[in-house]
**Student:** 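Dropping a structure here in structure tokens format, bear with me for questions.
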Amino acid sequence: MVELTRVAVISDIHGNLAALEATLADIRARGVARIYNLGDLDGKGPDGPEVIDICREQCQVNLFGNWDDLMIREDVHNPLVAWHRKRLGPERLAWLKSLPYSVDFRLSGRRIRLFHASAQGIWYRVYPHSERETLLGMFQNTELTGFDTPPPHVVGYGDIHHAFIMPFFVPKNHTLFNAGSVGNALDEPRATYVLLEGVWDGEDWDAPFSIQLIRLPYDVEQVIARARALGLPETDALAIELREGIYRGMRHK
Ligand SMILES: [Mn+2]
């Protein structure tokens, strides 16, 4: 009997503490050994500081996302970003700035790579309906992912707040998945994450391997009330995203 390791892939928490707590409770109940967080810890929801402090302590890996970039960029003066930045304080901002771009590991023979948005950059967005060439670009080594290891077979990312699992017909043995969003899911309004299971660092492709998509309820109204109490800018837009999963940038389209 082979020993299987469970790795939780969480992403895009966006300052939503209630969604993170629901996710961590589920992760603990399933006996998960490692938690890998793909970034966008803050922005949007009201509790960025708490989310960052918990992830620093509980996640084995935290990666850098595009909202984390907004937080640390001195050329961004948007009032919403300024509100979040002030709450985070300099020490947490310095930690965000230190986060790595991607992580590679191996499960049941497969080389697995995780990053926030794509191999091309944190601001280069890839959708399940993107061109085939763009989708295959997710498996390429780039200056950002490094050239130290051969390209991966399985790639996981976040960024679009839209979870999916896409095995390729050609090339064989390749799968692209999106972990969805813990705190700002836009495909269905529940805390979402992905669970991987396989033999840790194992070379045998015939050992069991699985990718599972998990949806969890949490107290959305508590998050909205907390945002209002703290005076978070754009709380009405946040409320629509959290209740209905409708992106604020899409409301007028
Ligand atoms: Mn995001």
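We count ligands from 1, going down the list as the structure has it; atoms in each ligand are counted the same way.
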**Student:** Taking the six-membered ring for Trp, are the ring centroids of His116 and Phe64 within less than 6.0 Å of each other?
**Tutor:**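 For His116 and Phe64, the ring centres are not under 6.0 Å apart.
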**Student:** Could you tell me whether Arg6 sits above the aromatic face of Trp200, with NZ or CZ closer than 6.0 angstrom to the six-membered ring centre and within 45 degrees of the axis?
**Tutor:**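 The answer is no; the distance or angle limit is not met.
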**Student:** Provide the atom name of the closest N, O or S atom of His161 relative to the Mn ion (ligand 1).
**Tutor:**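 Considering only N, O and S atoms, His161 comes nearest to the Mn ion (ligand 1) through NE2.
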**Student:** Specify which N/O/S atom of Asp40 comes nearest to the Mn ion (ligand 1), by atom name.
**Tutor:**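 Asp40's closest N, O or S atom to the Mn ion (ligand 1) is named OD2.
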**Student:** Taking the six-membered ring of Phe169 as reference, does the cationic atom of Lys172 (NZ for Lys, CZ for Arg) lie under 6.0 Å from its centre and within 45° of its axis?
**Tutor:**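 Lys172 over Phe169 ring: yes.
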**Student:** Flag the pair Tyr127 / Phe164 as yes when their ring centroid distance falls below 6.0 Å, and as no otherwise.
**Tutor:**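 No, they do not, as the ring centres are separated by 6.0 Å or more.
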**Student:** Quick check: does Asp12 have an N/O/S atom under 2.8 Å of the Mn ion (ligand 1)?
**Tutor:**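 Yes - counting backbone and side chain alike, Asp12 has an N, O or S atom under 2.8 Å.
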